[in-house]
Student: 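Structure provided below as structure tokens; questions to follow.
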Amino acid sequence: MKKITVTLPGGEKRSYPAGVKICKILQDLEGEWVEKVLVAKTDGHLVDLSYPLQEDSNLSFFTFEDEEGKEVYRHSTAHLMAQSVQQLFPEAKITIGPPIENGFYYDFYLSTPFTPEDLSKIEERMQENARKNLPIIRQEMSKETAKEYFKKREERYKLEILEEIEEEQVSLYSQGEFTDLCRGPHLPSTGRIKTFKLLSVAGAYWRGDERREMLQRIYGTSFEREEELKIHLDRLAEAKRRDHRILGKKLDLFSIHEEIGGGLIHWHPKGAMIRQRIEDFWRKEHLNRGYQLVFTPHIASEEVYRISGHLENYSDLMYSSMEVEDRPFRVKPMNCPGHIMIYKSHLHSYRELPIRYAELGTVYRFERSGVLHGLFRVRGFTIDDAHIFCQPQKVEEEVISVINFSLEFLKAFGFTEFAVYIATRPEKCVGREEDWVRATKALEEAAKKAGLPYKIDEGGGAFYGPKIDLKIMDSLGRSWQCTTIQFDFNLPERFDISFINDEGKAERSYLIHRAILGSLERFFGILIEHYGGAFPLWLAPVHVRVMTVTQEGDKFAQEIYERLHHEGIQVNLDLRNEKIGFKIREAEEEKIPYMIVIGKKEAKEKTLSVRARRKGDLGKRSLDEFLIQIQAEIAQKSVID
RNA sequence: GCCCAUGUAGCUCAGUCGGUAGAGCACAUCCUUGGUAAGGAUGAGGUCACCGGUUCGAAUCCGGUCAUGGGCUCCA
């Protein structure tokens, strides 16, 4: 009998007869981890534990702790769900059911939609099927045989998938009476799936194509241990509590009105105060870093968008034109043309470059009603935009400085973890090869010099240039893309922008678009959720509330108010005839960082009883001490509460 | 835009079988002057999203419209 050599993860080599199954090898191994192995990898691809090894192989193993293990685990949970759904709804047709971040889904065709009650029934059935510990068996067969099989079962979606598969051999996975066309791999048996939860049901188009029929999608998640599931569900509940749409209403920060239109944000005084603080900081930092602030109009002749190419490429996100003295105008969907026109208004020497124009530019883009979502997806928003015009050899330097700027700026809001993505040249693109190479290299070098690990999104760039995106991690561990730095090889050509080089000749300028926060609206939404509505002092719309225990404190409270107000502190005064506990409760609910409690004692001693949000009574101090303390806290932009 | 769900007082939500609308919070007035997360009483507040239909009668049943929410990239 033929022998093969199996190399184990530690490097140890063992000899086995050819055709040995991986699970057999696992049985010979020692350690607690052996039982946790869900899937194996041999020579670069993931395989079932029942996979027979025919040749010498390098083996590695994965458990739920690994991304690979998690995906297989959840993919098998999706199959368990599909099996249970077909038992309860025999008319349901199976389609696809992949693992996704934090869970899985499965799409079914069913003429009547699932109800929330159906979900718990399906869950129960899944428990039963898991308890039965059905072996999950892989079968390989020719495409033709598989087609006959699914034809008999009237699984037309599976037939459609089969049509598109190029290989001649396909694999089917069975558990009990349920069989699905699937590449795999899967867990050895349904009993390996320990704990799961079905979360929601939604419509989804077959193949994500809106011209195709609507399927019923069930989302769920699964874990190995009950505690892990609980942590995950708690996190979802916490995210719901922090939902910026709810907090925005409760804290009176912003609103959206049916009468005015979806996706159009109204910043209430408190929200506007926060925005002012962000904008003031933004302007100051931009001036410090050699940017020049500009303003550009909200509408522009259609001609400029014809030149820029937006009319051709982006008209589906632009609002339709309006006639102004027989000339078509458009509401601006981006700020670049305006900045370019400013640049072009006179000749530029290489000595002047780089020129950096920055604007908090409000733009309007058409988003379909169904995708609008609070502050995250809107129709009118303000980009913290800038366009950098520079010489080709200066791009790396510029990108590094933008990255460093972003990191420092975002740090002021308490974001310290970043992920970096570089998107490279797509198939269809404009610009010279050498420019793409130079620009892409500049992005990589810049990421390296900033000490940031990055991932390459091959072919993910815009048609007009490569880009680098920074994602921030919020307090719930969710990531958000904010900063984007994009090269543009399209607009410089189209608008013919140039500078005069040291030989006195006109040379094409490089153009970099960049935004640090992305959109103020969206960033505000992220901040609300990141802080759970409790803004740090430097951003808080109200810094301090002075409140009295009885009327005997009124006069002194008034004095404190006047002084703080005079010093530029956002302060308000609560002299109402209410109990102190009630006043504190209200201030806590409004998430005001500091409360000053003034009673008879304080009025007599001329001291302040200071209470910090969520922390309680901090004790007494003088007005001067308190003022110095909070002024320092504001100046430092402290985010620690 | 499409599928599903939801739409009742400023907010959060009850409302049974079709019989003309309810709570808590907020608001107003009064009483209460109190010590670190809700003192008490009284009152005002509604074209039940909108339009149409069925019915003697519609918040409730039916149809349509609008808005909001969950989704609509993850490829057997």
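In the text below, chain A, chain B and the rest are named by the order of the sequence lines, each starting its count at 1.
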Student: Within 45 degrees of the ring normal and closer than 6.0 Å to the centroid, is that where the cationic atom of A:R192 sits relative to A:F64?
Tutor: no
Student: As a quick check of understanding, evaluate side-chain contact (heavy atoms from CB on, under 4.5 Å) for A:F196 and A:F223, giving each step before the final call.
Tutor: CA-CA 6 Å; A:F196 46 80; A:F223 289 90; over 6 Å; no
Student: What is the distance, to the nearest angstrom, from the CD1 atom on A:I256 to the P atom on B:U68?
Tutor: 8 Å
Student: Is it the case that over 12 heavy atoms from other parts of the model lie below 6.0 angstrom from the NZ atom of A:K600?
Tutor: no
Student: Rounding to an integer number of angstrom, what distance separates B:U54 and B:G15 when you compare their P atoms?
Tutor: 29 Å
Student: For A:I246 and B:U6, give me the distance from atom CD1 to atom C1', rounded to whole Å.
Tutor: 14 Å
Student: Sticking with atom C1', work out how far B:A9 lies from B:C27, rounded to a whole angstrom.
Tutor: 11 Å
Student: For the residue pair A:H79 and A:F178, does the interplanar ring angle fall in the parallel (under 30°), tilted (30 to 60°) or perpendicular (over 60°) class?
Tutor: perpendicular
Student: Between B:C66 atom C1' and A:H257 atom NE2, what is the distance in whole Å?
Tutor: 17 Å
Student: Under 4.0 Å, counting only non-hydrogen atoms across every strand here, what does A:E166 touch: a base, just sugar-phosphate, or nothing?
Tutor: nothing
Student: Taking any heavy-atom pair under 4.0 Å as a contact, classify A:G262: base, sugar-phosphate, or nothing.
Tutor: sugar-phosphate
Student: Using distance alone, with no hydrogens and no angle criterion, decide if A:W480 and A:D474 have a side-chain donor and acceptor under 3.5 Å apart.
Tutor: yes
Student: Suppose you measure atom C1' in B:G18 against the same atom in B:C13; what distance do you get, rounded to whole Å?
Tutor: 23 Å
Student: Do nucleotides 34-42 of chain B as a string where each nucleotide becomes B, S or -: B if the base has a protein heavy atom under 4.0 Å, S if just the sugar-phosphate does, - if no protein is that close.
Tutor: BBBBBS---
Student: What interatomic distance, in whole Å, is found between P of B:A26 and the corresponding atom of B:C62?
Tutor: 38 Å
Student: Does the protein touch nucleotides 69-75 of chain B at the base, only the backbone, or not at all? Give it as B, S and - per nucleotide, heavy atoms under 4.0 Å.
Tutor: SBBBSBB
Student: Show the distances under 3.5 angstrom between N or O atoms of the protein and N or O atoms of nucleotides 8-10 of chain B.
Tutor:
none

Student: Can you tell me the distance, in whole Å, between the CG atom of A:D252 and the P atom of B:U12?
Tutor: 13 Å
Student: Determine the Euclidean distance between corresponding C1' atoms of B:C11 and B:C17; express it in Å to zero decimal places.
Tutor: 31 Å
Student: Only one of A:L573, A:N572, A:L623 clears side chain to side chain contact (heavy atoms under 4.5 Å, CB included) with A:L564; which?
Tutor: A:L623
Student: Could you check how far CD of A:E367 sits from P of B:U68, rounded to whole Å?
Tutor: 13 Å
Student: Please check if the distance between the ring centroids of A:Y106 and A:F104 is under 6.0 Å.
Tutor: no
Student: Suppose you measure atom C1' in B:A21 against the same atom in B:U65; what distance do you get, rounded to whole Å?
Tutor: 25 Å
Student: Go through the steps for A:L162 and A:V170 under the test side-chain contact (heavy atoms from CB on, under 4.5 Å), then give the verdict.
Tutor: CA-CA 9 Å; A:L162 275 166; A:V170 297; 4.0 Å; yes
Student: I'd like to know if A:E163 pairs up with A:K147 as an ion pair, taking the criterion as any Lys NZ or Arg NE/NH1/NH2 lying under 4.0 Å from an Asp or Glu carboxylate oxygen.
Tutor: yes
Student: Measuring only the P atom in each nucleotide, how far is B:C72 from B:U55? A whole number of Å is fine.
Tutor: 44 Å
Student: Charged N to carboxylate O below 4.0 Å: is that the case for A:E101 and A:R74?
Tutor: no
Student: Applying side chain to side chain donor-acceptor pair (under 3.5 Å), can you list everything that pairs with A:E155, at least two apart in sequence or on another chain?
Tutor: A:Q86
Student: In dot-bracket form, 5' to 3', how is RNA chain B paired? Count Watson-Crick and G-U wobble pairs only if both distances fall under 3.5 Å, and write | where the partner sits on another strand.
Tutor: (((((((..((((.....[..)))).(((((.......))))).....(((((..]....))))))))))))....
Student: What's the CD1-P distance between A:I218 and B:C4, to the nearest Å?
Tutor: 15 Å
Student: Expressed in whole Å, how much space separates the C1' atoms belonging to B:G39 and B:A5?
Tutor: 42 Å
Student: So, does A:K583 use its side chain to make a donor-acceptor pair with the main chain of A:R576 at under 3.5 Å?
Tutor: yes
Student: Please set out all donor-acceptor pairs under 3.5 angstrom arising from side-chain atoms of residues 261-268 of chain A, sequence neighbours excluded.
Tutor:
from, atom 1, to, atom 2, distance (Å)
A:H266, ND1, A:S255, O, 3.4
A:H268, ND1, A:D252, OD1, 2.7
A:H268, NE2, A:S255, OG, 2.6

Student: Taking the six-membered ring of A:F62 as reference, does the cationic atom of A:K41 (NZ for Lys, CZ for Arg) lie under 6.0 Å from its centre and within 45° of its axis?
Tutor: no
Student: For A:R125 and A:Q83, does a side-chain donor sit closer than 3.5 Å to a side-chain acceptor?
Tutor: no
